[in-house]
Amino acid sequence: MEMWMDHTGVDDRGIHRKRPRPPKGDGALDIDLTPMLDVVMIMLIFFIVAGSFVREVAIDVERKQTSNAQSNEPSENITVQISANNEIWIKGRRVDDRAVRANISRLRAENPKASVIIKAHNKSTVDSVASVLDSSREAGIYNVSLSTGE
């Protein structure tokens with residue numbers, strides 16, 4: 001706390017003395033909040049304006065309803081499953097992501113009418129889905145469907 005000095009004059013020994021003077025007022029410090037409010041308002045305006053430029057990109061996927069009669073028939077399609085930890089499975093066995101194209105090509109040679117169905121788990125990454133999609137295109141199959149779920 002800052003003390004103001006009062007000049008009291010010369011004491012009996014001839015020394016100029018100053019005594020402390022208490023500050024005026026009730027002793028409470030006044031805090032000016034105006035600069036802080038200005039900064040908060042400027043930050044608020046900045047985030048509102050910056051938030052309006054952020055656009056989320058989404059792809060609308062049209063899902064077809066399947067009936068039980070279709071699921072009982074043997075499928076001519078090549079089903080590629082992607083698990084939650086991005087493991088790729090074809091015909092019940094795990095396949096390395098570098099060997100997906102070779103497996104799809106082999107299955108396509110067995111059934112030329114086959115299309116690819118990618119069944120991806122909700123927690124799988126887009127990179128693994130895109131990798132399977134690219135592999136099927138490299139194998140010559142352009143009829144690719146995407147299914148998501150647990």
Side-chain angles (χ1 to χ4, degrees), residues 1-7 18-150:
M1 179 158 68
E2 187 178 327
M3 302 293 282
W4 292 96
M5 305 302 268
D6 252 352
H7 186 70
K18 293 184 177 180
R19 67 183 163 112
R21 178 178 55 181
K24 295 180 180 176
D26 60 354
L29 297 175
D30 292 334
I31 298 175
D32 187 17
L33 296 178
T34 306
M36 185 181 72
L37 291 175
D38 290 343
V39 170
V40 169
M41 290 302 294
I42 289 171
M43 288 175 55
L44 179 67
I45 291 170
F46 171 77
F47 286 119
I48 289 173
V49 170
S52 67
F53 293 120
V54 176
R55 301 263 186 248
E56 293 204 17
V57 178
I59 299 173
D60 292 331
V61 178
E62 186 176 320
R63 300 178 88 180
K64 295 182 181 179
Q65 297 295 329
T66 59
S67 66
N68 290 337
Q70 290 178 347
S71 62
N72 291 336
E73 297 175 3
S75 176
E76 294 182 1
N77 298 324
I78 302 167
T79 303
V80 180
Q81 295 177 335
I82 302 174
S83 66
N85 53 356
N86 296 315
E87 293 176 342
I88 300 171
W89 296 78
I90 299 176
K91 291 225 175 204
R93 61 184 185 101
R94 188 171 184 273
V95 176
D96 188 29
D97 56 347
R98 295 173 296 214
V100 172
R101 183 177 60 84
N103 281 288
I104 292 175
S105 296
R106 180 181 52 82
L107 293 171
R108 173 68 177 221
E110 293 173 6
N111 185 5
K113 295 180 182 179
S115 60
V116 174
I117 298 175
I118 302 172
K119 291 184 177 180
H121 192 275
N122 286 338
K123 294 185 180 177
S124 62
T125 62
V126 174
D127 293 334
S128 60
V129 174
S131 172
V132 172
L133 181 63
D134 290 340
S135 297
S136 65
R137 298 269 171 115
E138 289 172 1
I141 301 176
Y142 294 98
N143 187 9
V144 179
S145 300
L146 176 65
S147 173
T148 59
E150 293 291 320

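Taking both residues in full, the closest heavy atoms of Val100 and Val95 are given as N-CG1, 4.0 Å, listed atom of the first, atom of the second, then distance. Contact detail for Ala139 and Ser105: the closest heavy-atom pair is CB-OG, 3.4 Å. Taking both residues in full, the closest heavy atoms of Ile141 and Ser115 are given as CG2-CA, 4.1 Å, listed atom of the first, atom of the second, then distance. Counting all heavy atoms, side chain and backbone alike, Arg137 lies closest to Tyr142 at CD-CD2, 3.2 Å.
Interatomic distance, Ile104 CD1 to Arg101 CZ, rounded to the nearest 0.5 Å: 10.0 Å. Atom CG of residue Asp97 and atom CD1 of residue Ile82 lie 10.0 Å apart, to the nearest 0.5 angstrom. Atom CG of Asn111 and atom CG of Asn77 lie 8.0 Å apart (nearest 0.5 Å). Rounded to the nearest 0.5 angstrom, Asn85 CG and Lys123 NZ are separated by 11.0 Å. Within the model, atoms OG1 of Thr148 and NE2 of His121 stand 10.0 Å from one another, a figure rounded to the nearest 0.5 Å. The OG atom of Ser124 sits 11.5 Å away from the CD atom of Glu87 when rounded to the nearest 0.5 Å.
A side-chain donor-acceptor contact under 3.5 Å links Asn86 to the backbone of Thr125. Of the possible donor and acceptor atoms, one in the side chain of Ser135 sits under 3.5 Å from a partner among the backbone N and O of Ser131.
In this structure, Asp32 has no salt bridge (Lys or Arg N to Asp or Glu O under 4.0 Å) partners at least two apart in sequence or on a different chain. For Arg108, there are no salt bridge (Lys or Arg N to Asp or Glu O under 4.0 Å) partners, not counting sequence neighbours.
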List the steps and the verdict of side-chain contact (heavy atoms from CB on, under 4.5 Å) for Asn103 and Arg93.
CA-CA 11 Å; Asn103 281 288; Arg93 61 184 185 101; 2.7 Å; yes
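With Leu146 as the partner, the side chain to side chain contact (heavy atoms under 4.5 Å, CB included) test is satisfied by one option alone out of Val116, Ile118, Leu133, Val132: Ile118.
Glu110 is listed as a side-chain neighbour of Leu107, based on a closest heavy-atom distance under 4.5 Å.
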